Amino acid sequence: MNDFERKLSRLPFIQPPAALREAIFADAGGKVITPEPMRWTWRDWLWPAPQAWAALAVLWMIFAALSASDRSTPAAIPFSQASPPPPDGNLISYRTTTELKDVLDLAN
Amino acid sequence: MLDVGCCGEAALGAALDKSLRPVRLLPENMAPAPDLRQLYDEHAPALFAFLLNFTRREADARDVVQELFLKLLARPGTLAGVREMRAFLLRLAYRLAIDAHRRRAAHEAATGRAATQPAPLFASIADPDEAAFRVALAHALAELPPEQRAVVHLKLWEQMTFAAIAEALEIPANTAASRYRYGIDKLQALLRPLYEELK
């Protein structure tokens with residue numbers, strides 16, 4: 001702070017009108033107005049970084065939505081059950097061919 | 001018209017909505033809430049001076065001080081746990097002043113009434129040279145944009161750090177520092193002849 005700034009900083013401002021104080025506290029009468037101590041709430045803890053908490057909540061909802069959508073799709077099926085059984089026609093034709101080979105005693 | 005270009009209207013509205021929330025709470029070590037009359041006696045002159053310098057209208061400064069203390073009376077828990085009472089009150093006063101400015105600007109636009117003459121700022125003094133300097137300083141301050149004036153006031157007359165000013169006005173500390181430098185340079189340029197005479 002230089003001399004100029006120091007000089008300015010020492011200049012006194014005009015005072016608020018005396019009637020202002022009376023106007024503000026007129027309804028309070030003569031009683032002492034001490035605010036009640038505020039009880040601690042969760043909001044006090046969350047308040048310093050509301051955006052961070054909001055972002056966390058949004059992330060949580062996204063993960064919850066993803067999790068719910070995963071549950072709605074079918075669970076993983078074992079490989080043995082994954083492929084459908086061959087149609088009956090194929091089995092019959094396979095068996096018929098084998099039986100015919102046996103009956104006819106055909107080599108290969 | 002008062003230019004508050006530092007903040008958007010929407011941001012200001014949001015800031016005003018939360019204007020009475022405590023900014024610093026120590027849940028495990030809460031400071032006891034003070035008597036509001038005592039609080040008024042300690043801080044109202046400084047708040048009035050800041051508001052007078054910022055708004056340049058005595059009626060506005062008076063209205064904002066009154067509105068601020070009436071809000072505190074209505075919501076008694078607001079001040080519990082506040083560590084830096086002066087800074088907290090200045091911050092609330094600043095927000096309310098911007099809100100009052102918005103209301104007044106809308107009213108003036110609707111009624112077409114022009115702004116009135118800026119209010120005197122400094123206490124009167126017998127010495128004519130010193131009195132002239134005070135009048136010149138009041139005019140020079142009126143030349144500054146309101147956002148620079150707010151920073152200059154908090155730095156010079158409240159001796160706040162740039163970090164504290166930044167928190168009170170919700171601007172970056174670098175912005176507060178540059179606004180102060182621009183403001184002081186302009187005041188020095190406007191007042192140099194008178195100041196040199198007085199030295």
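Lettering of chains follows the sequences in order, A, B, ..., and the numbering in each one begins at 1. Atoms considered below: every heavy atom in the structure, side chains included; atoms not considered: hydrogens, waters and symmetry mates. Computed from a predicted structure; not experimentally measured.
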So what's closer than 4.5 Å to chain A heavy atoms on [X]: side chain, backbone, both or neither?
X         : value
Leu191(B) : side chain
Glu58(B)  : side chain
Val152(B) : neither
Phe50(B)  : neither
Leu187(B) : both

> Can you tell me how far CZ of Phe13(A) sits from NE2 of His153(B), rounded to the nearest 0.5 angstrom?
Replying inline: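 Answer rounded to 0.5 Å: 4.5 Å.
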> Which value, rounded to the nearest 0.5 Å, describes the distance between Glu5(A) atom CD and Leu156(B) atom CG?
Replying inline: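 Taking CD in Glu5(A) and CG in Leu156(B), the distance rounds to 6.0 Å.
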>> Is any side-chain heavy atom of Ser9(A) closer than 4.5 Å to one of Glu158(B)?
In response: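 No, too far: nothing below the 4.5 Å cut-off.
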> Below 4.5 Å, heavy atoms only, C-beta onward: do Leu11(A) and Leu137(B) meet side chain to side chain?
Replying inline: yes
When hydrophobic residues are tied together by side-chain contacts of less than 4.5 Å, even through go-betweens, does [X] share a cluster with [Y]?
X        : Y         : answer
Ile14(A) : Val135(B) : no
Leu89(B) : Leu70(B)  : yes
Leu73(B) : Val64(B)  : yes
Phe25(A) : Leu47(B)  : yes

>> Let's go through Tyr40(B) and Ile24(A) carefully: what are the C-alpha distance in whole Å and the side-chain angles of both, what is the deciding distance for side-chain contact (heavy atoms from CB on, under 4.5 Å) to 0.1 Å, and is it a yes or a no?
In response: CA-CA 10 Å; Tyr40(B) 181 92; Ile24(A) 292 169; 3.6 Å; yes
>> For Leu8(A), is there any backbone N or O sitting under 3.5 Å from a side-chain donor or acceptor partner on Trp157(B)?
In response: yes
> What is the minimum heavy-atom distance between Pro16(A) and Pro45(B), and which atoms define it?
Replying inline: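 Closest heavy-atom pair between Pro16(A) and Pro45(B): CD-CA, 3.8 Å.
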> Which atom pair, heavy atoms only, marks the closest approach of Lys155(B) to Met1(A)?
Replying inline: O-CE, 4.3 Å
>> Using side-chain contact (heavy atoms from CB on, under 4.5 Å), reason through Gln15(A) and Phe48(B) one step at a time and then give a plain yes or no.
In response: CA-CA 7 Å; Gln15(A) 294 290 305; Phe48(B) 184 75; over 6 Å; no
> Heavy-atom distance under 4.5 Å to chain B: side chain of Asn2(A), backbone, both or neither?
Replying inline: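 It is the side chain, since no backbone atom gets that close.
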>> Using the rule given for side-chain contact (heavy atoms from CB on, under 4.5 Å), can you reason through Phe69(B) versus Arg21(A), listing the C-alpha separation, both sets of side-chain angles and the distance that settles it, and then say yes or no?
In response: CA-CA 9 Å; Phe69(B) 278 90; Arg21(A) 190 184 193 278; over 6 Å; no
